[in-house]
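Just below is one structure, and these are the notes that go with it.
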Amino acid sequence: MNIEKIACQNQAKAQLVIEQSSIRQAWEAIGATVNQVGSLAMGLLMKHRDIDFHIYTEKLDIAESFKVIQKICLNPAVKRMEYRNLADTAEACLEWHIWYLFGGEEWQIDMIQILKGSQFDGYFEHVAQRIESVITPEQRQTILELKYLTPDNEHIMGIEYYQAVIADGVRSYPEFIRWRKNHPANGIVTWCP
């Protein structure tokens, strides 16, 4: 089992999904700023087929956003879509989730449309930059191994792996399970190295 090879293959597939889905172009057509974030952006995508975008707009115009999503969903590879309106919360965002079929595999694409100038404007991009600036090759390998060992039906946020390994020195899956019991993730995790 070559963890690095599996990660590279899945990251290459993810880039093809991004190209074929035309998500970036659809949002940019309304003047949005589209940032790829999450594990794919940091080269830490393993086997969980999840692609994350933070999309910044001057306003959260639901009707306009539905037009963008409609354009994206006209692609027959899009099999399902979910929407959450969090505009009136501290998160000041609209969440869009689609499931995209590529090569017989389903990919989840999360598009979080965030109001420019709000509390989380650029926050997660900053966290990713900090992680990339401090992570060692050994820590990167450990994170990929932990993600590989995680059962497919277990949902664990990427930030949990990064915090456990980088901040607390977790090196094995049993250690990680114990770490999670002592560090329950409730909502947005705001850890930053």
Side-chain angles (χ1 to χ4, degrees), residues 1-21 23 35-54 77-82 84 91 95-112 120 123-193:
M1 158 187 69
N2 184 328
I3 297 291
E4 289 285 339
K5 183 178 180 183
I6 295 168
C8 286
Q9 289 171 342
N10 284 335
Q11 290 176 59
K13 288 179 192 175
Q15 293 302 334
L16 290 173
V17 168
I18 292 169
E19 287 174 32
Q20 292 183 11
S21 66
I23 285 171
N35 294 340
Q36 187 178 317
V37 296
S39 59
L40 179 59
M42 292 184 285
L44 292 168
L45 178 75
M46 186 51 185
K47 63 178 186 173
H48 183 237
R49 293 182 297 275
D50 182 42
I51 300 169
D52 299 295
F53 290 103
H54 282 185
V78 176
K79 299 302 177 187
R80 185 163 55 110
M81 186 274 290
E82 286 182 6
R84 288 184 67 203
E91 296 175 48
E95 288 187 9
W96 305 94
H97 307 278
I98 63 169
W99 283 263
Y100 190 94
L101 194 61
F102 176 78
E105 297 175 326
E106 192 172 68
W107 288 79
Q108 181 177 331
I109 304 173
D110 300 329
M111 296 166 281
I112 311 303
F120 290 107
Y123 177 78
F124 295 99
E125 290 86 342
H126 169 73
V127 171
Q129 289 169 351
R130 289 290 306 139
I131 290 169
E132 288 182 300
S133 72
V134 303
I135 195 169
T136 66
E138 178 191 1
Q139 290 169 334
R140 180 177 295 279
Q141 181 70 23
T142 299
I143 289 166
L144 292 175
E145 287 174 6
L146 293 175
K147 287 183 170 188
Y148 181 80
L149 294 170
T150 300
D152 292 343
N153 62 349
E154 184 83 27
H155 178 71
I156 299 175
M157 291 183 285
I159 196 75
E160 294 179 82
Y161 296 102
Y162 314 147
Q163 181 180 0
V165 173
I166 296 169
D168 296 325
V170 167
R171 293 290 176 262
S172 71
Y173 194 72
E175 279 181 74
F176 180 58
I177 296 304
R178 287 192 298 275
W179 182 90
R180 286 192 77 222
K181 285 182 182 173
N182 294 323
H183 299 83
N186 298 316
I188 294 175
V189 176
T190 57
W191 171 81
C192 183

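Annotation: the span from Cys8 atom SG to Glu4 atom CD amounts to 6.0 Å, rounded to 0.5 Å. Rounding to the nearest 0.5 Å gives a distance of 13.0 Å between CD1 of Ile143 and CD1 of Ile3. Distance CZ/Arg171 to CG/Leu146: 9.0 Å, rounded to 0.5 Å. Between Asp168 atom CG and His183 atom NE2 the span is 5.0 Å, to the nearest 0.5 Å.
Within the 4.5 Å cutoff, the side chain of Asp110 has no heavy atoms near those of the Phe53 side chain. In this structure, the side chains of Ile51 and Ile23 stay at 4.5 Å or more apart for every pair of heavy atoms. Within the 4.5 Å cutoff, no side-chain heavy atoms of Arg80 are placed close to those of Ile98. By the 4.5 Å heavy-atom criterion applied to side chains, Leu40 and Ile18 are counted as neighbours. Counting heavy atoms from C-beta outward, Tyr162 and Trp191 have side chains that approach closer than 4.5 Å. The shortest distance between side-chain heavy atoms of His48 and Asn10 does not fall below 4.5 Å. Contact check for Val134 versus Ile166: side-chain heavy atoms found under the 4.5 Å cut-off. For the pair Met42/Ile131, a side-chain contact is recorded, criterion being any heavy-atom separation below 4.5 Å from C-beta on.
Minimum interatomic distance between Arg140 and Gly43 (heavy atoms only, all atoms of both residues): NH1-O, 3.5 Å. Residue Phe176 comes nearest to Glu160 through the heavy atom pair CE1-O, 3.8 Å, listed as atom of the first residue, atom of the second, then distance. In terms of heavy-atom proximity, Met46 sits nearest to Leu144 at CG-O, 3.7 Å. Closest approach of Pro193 to Arg130, counting heavy atoms only: O-NE, 2.9 Å. Contact record, Glu132 with Ala41: OE2-O, 3.7 Å, taken as the closest heavy-atom pair.
Side-chain atoms of Arg49 come within 3.5 Å of backbone atoms of Glu106 as a donor-acceptor pair (strictly under, hydrogens ignored). In this structure, Gln11 contributes its side chain and Leu45 its backbone to a donor-acceptor pair below 3.5 Å. Panel note: side chain Gln9, backbone Ile6; no donor-acceptor pair is recorded below 3.5 Å. Looking only at distances, no side-chain donor or acceptor of Asn35 sits under 3.5 Å from a matching main-chain atom of Val37.
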Pair Phe102-Lys13, side-chain contact (heavy atoms from CB on, under 4.5 Å): steps then yes or no: CA-CA 8 Å; Phe102 176 78; Lys13 288 179 192 175; 4.2 Å; yes

Step-by-step side-chain contact (heavy atoms from CB on, under 4.5 Å) determination, Gln163 to Val170: CA-CA 9 Å; Gln163 181 180 0; Val170 167; over 6 Å; no

Evaluate Phe120 against Ile188 for side-chain contact (heavy atoms from CB on, under 4.5 Å), listing each step before the verdict. CA-CA 11 Å; Phe120 290 107; Ile188 294 175; 3.9 Å; yes

Kindly determine whether Glu154 and Arg180 satisfy salt bridge (charged side-chain N to carboxylate O under 4.0 Å, His left out), including the steps that lead there. CA-CA 12 Å; Glu154 184 83 27; Arg180 286 192 77 222; 3.3 Å; yes

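A cation-pi geometry, defined here as NZ or CZ lying under 6.0 Å from the six-membered ring centre and within 45° of its normal, holds between Lys47 and Tyr148.
In the model, Thr150 has a side-chain atom that pairs as donor or acceptor with a side-chain atom of Tyr161 under 3.5 Å. A donor-acceptor pair shorter than 3.5 Å can be found between the side chains of Ser172 and Glu175. Judged purely by distance below 3.5 Å, without hydrogens or angles, the side chains of Gln141 and Glu145 pair a donor atom with an acceptor atom. Side-chain atoms of Asp50 and Trp107 form no donor-acceptor pair, as typed in the model, at a separation below 3.5 Å.
Ring geometry, Phe124 versus His54: the interplanar angle exceeds 60°, so the pair is classed perpendicular (tilted spans 30 to 60°). Ring orientation note: the planes of His97 and Trp99 are tilted relative to one another, at an angle of 30° to 60°.
Note on Arg84 versus Glu82: no salt bridge recorded, every NZ/NE/NH1/NH2 to OD/OE distance being 4.0 Å or above.
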